[in-house]
Amino acid sequence: TADIKEIHHDTKKLFCNQWIYVVDYGAKLKLSREILQTEGVMDSLKIIQYPNSTVEIETRDRGNQWRNIDILAYQDTKTIVNGSVLLKNHSSANFVDVHHMGGNGDSSIKYNSAIYDTNIGNFIGKVQVDKKAVGTKSIMNNKNLLVDPGAKAVSKPILNINTKEIECSHGCTTSKIRDEDLYYLETLGMDKGSAKSLIASGHIQI
């Protein structure tokens, strides 16, 4: 079992990373990844999951980042990827690809973003299920909140299914802050900016 925490925080640096993890038979990897303030992060993560292994990834991004997560999962694996993205001053892109190569795999991909100003949040999620990966269960969700009128979200969930007897689903939503929610918080004494911040922070929690 490994519990690893990554933190990027240096306002003067651009980080370019490539990570490769091999999770052995019956092993468990828990990976916490957080970006605070940087000049940017370009990040490529590849994980190979051997049978009966578990991978749990949690990302918390707060800046200009490009993340690619590529996972190869063999039989009887469990894969969890949760991401929260808060874009106040930059745009970002997140790409997640979970490839089920063996049967009875279980995967969950959830990404929530809150986007300010004229920034753009990009999410492309892909679940591939091979012909021999019978019994796979997978769910993918992407929820985006446009905090300001000029903000944009681009979502592309993809399922590539090559067998029967599986349970796979995907969905994405993009919404704006409701006027009645802002009004309610303002009646409690909050200014508009603080009310937006509270709603955005609540939205990205997973």
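Positions are given from 1 along the sequence. Atom set for the values below is all heavy atoms of this structure, side chains included, hydrogens, waters and symmetry mates excluded. What you are looking at is a predicted structure, and each value in this text was computed from that prediction instead of being measured.
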Would V81 and I71 count as a side chain to side chain contact (heavy atoms under 4.5 Å, CB included) if you check the C-alpha gap in whole Å, the side-chain angles of each, and the deciding distance to 0.1 Å? CA-CA 10 Å; V81 182; I71 301 173; 4.0 Å; yes
How far apart are the C-alpha atoms of F15 and T38, what are their side-chain angles, what is the distance that settles it, and do they pass the side chain to side chain contact (heavy atoms under 4.5 Å, CB included) test? CA-CA 8 Å; F15 295 89; T38 69; 3.7 Å; yes
Criterion salt bridge (charged side-chain N to carboxylate O under 4.0 Å, His left out) on D61 and R33, from CA distance to verdict: CA-CA 8 Å; D61 294 334; R33 323 179 79 206; over 6 Å; no
Salt bridge (charged side-chain N to carboxylate O under 4.0 Å, His left out) evaluation trace for K13 with E39: CA-CA 5 Å; K13 288 186 178 180; E39 280 295 309; over 6 Å; no
N68 and L45: CA distance, side-chain angles, deciding distance, side chain to side chain contact (heavy atoms under 4.5 Å, CB included) verdict: CA-CA 6 Å; N68 183 75; L45 170 66; over 6 Å; no
Might you work through the side chain to side chain donor-acceptor pair (under 3.5 Å) test for D130 and H99, ending with a clear yes or no? CA-CA 8 Å; D130 282 0; H99 187 172; 2.7 Å; yes
Side chain to side chain contact (heavy atoms under 4.5 Å, CB included) for E6 and W19? Distances and angles first, verdict last. CA-CA 11 Å; E6 303 169 6; W19 312 86; 4.0 Å; yes
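The minimum heavy-atom distance linking L72 with K46 is given by the pair CD1-NZ, 4.0 Å. Shortest non-hydrogen contact noted between Y25 and Y50 is N-CB, 3.8 Å. Nearest heavy-atom pair, V129 versus C168, reported as atom, atom and distance to 0.1 Å: CG2-SG, 4.1 Å. Summarising the geometry of A133 relative to G102, their closest heavy-atom pair is CB-O, 3.3 Å, with the distance given to 0.1 Å. Taking each heavy atom of S53 and V23 in turn, the nearest pair found is CB-CG1, 3.7 Å. Between E34 and K5, the shortest heavy-atom distance links the atoms OE1-CE, 4.5 Å.
Neither F123 nor I120 shares a network with the other; the hydrophobic side chains, linked directly or stepwise wherever heavy atoms of I, L, V, M, F, W or Y lie under 4.5 Å apart, form separate groups for each. Following chains of ILVMFWY side-chain contacts shorter than 4.5 Å, one can reach V22 starting from Y74, so the two form part of one hydrophobic cluster. Linking ILVMFWY residues whenever their side-chain heavy atoms come closer than 4.5 Å, directly or via other members, places L29 and I69 in the same cluster.
Cluster partners of L188, using a side-chain heavy-atom cutoff of under 4.5 Å among ILVMFWY residues and allowing indirect links, are L86, Y116, L145, V147, I177, L182, Y184, L185, M190, L198, I199, I204.
Atoms CG and CD1, on N64 and I35 in that order, are 8.5 Å from each other to the nearest 0.5 Å. The distance from atom CD1 of I80 to atom NZ of K30, rounded to the nearest 0.5 Å, is 9.5 Å. Expressed to the nearest 0.5 Å, how far CG of N119 lies from CG of L146 amounts to 11.0 Å. Between the CD atom in Q37 and the CZ atom in R62 there is a gap of 11.5 Å [rounded to 0.5 Å]. Note that NZ of K28 is 14.0 Å distant from CG of N52, once rounded to the nearest 0.5 Å. A distance of 9.5 Å separates CD1 of I161 from CD of Q128, quoted to the nearest 0.5 Å.
Judged as a side-chain hydrogen bond (donor to acceptor under 3.5 Å, both in side chains), the pairs with a partner in residues 75-94 (not counting sequence neighbours) are, in order, Q49-T79, Q65-S92.
Other residues, nucleotides and ligands contribute over 12 non-hydrogen atoms within 6.0 Å of the OH atom of Y21. Within 6.0 Å of atom CD in E165, 12 or fewer heavy atoms from other residues, nucleotides or ligands are found, so the atom counts as exposed in its surroundings. Other residues, nucleotides and ligands contribute at most 12 non-hydrogen atoms within 6.0 Å of the CG atom of D179. Residue K137 places its NZ atom among 12 or fewer non-hydrogen atoms of other residues, nucleotides or ligands, all under 6.0 Å distant.
Residues F95 and W66 form a side-chain contact, since some pair of their non-hydrogen atoms from C-beta on lies under 4.5 Å apart. Between I109 and V98 there is a side-chain heavy-atom pair separated by less than 4.5 Å. Side chains of I47 and I57 form a contact here, defined as non-hydrogen atoms less than 4.5 Å apart.
Checking side-chain atoms of N112 against main-chain N and O of H203 turns up a donor-acceptor pair under 3.5 Å. Counting only distance, with no hydrogens or angles, the side chain of D24 and the backbone of A27 share no donor-acceptor pair below 3.5 Å.
Note on D148 versus K196: salt bridge recorded, some NZ/NE/NH1/NH2 to OD/OE distance being below 4.0 Å.
Checking S107 against H100 by side-chain atom types alone, a donor-acceptor pair falls below 3.5 Å. A side-chain N or O of N17 and one of D43 form a donor-acceptor pair less than 3.5 Å apart.
Partners of E186 by salt bridge (Lys or Arg N to Asp or Glu O under 4.0 Å), not counting sequence neighbours: none found.
Exactly one of I139, N141, V127 qualifies for a side-chain contact (heavy atoms from CB on, under 4.5 Å) with S169. That residue is I139. Each of T173, N122, N144 was evaluated against S155; a single residue qualifies, N144, per the side chain to side chain donor-acceptor pair (under 3.5 Å) test.
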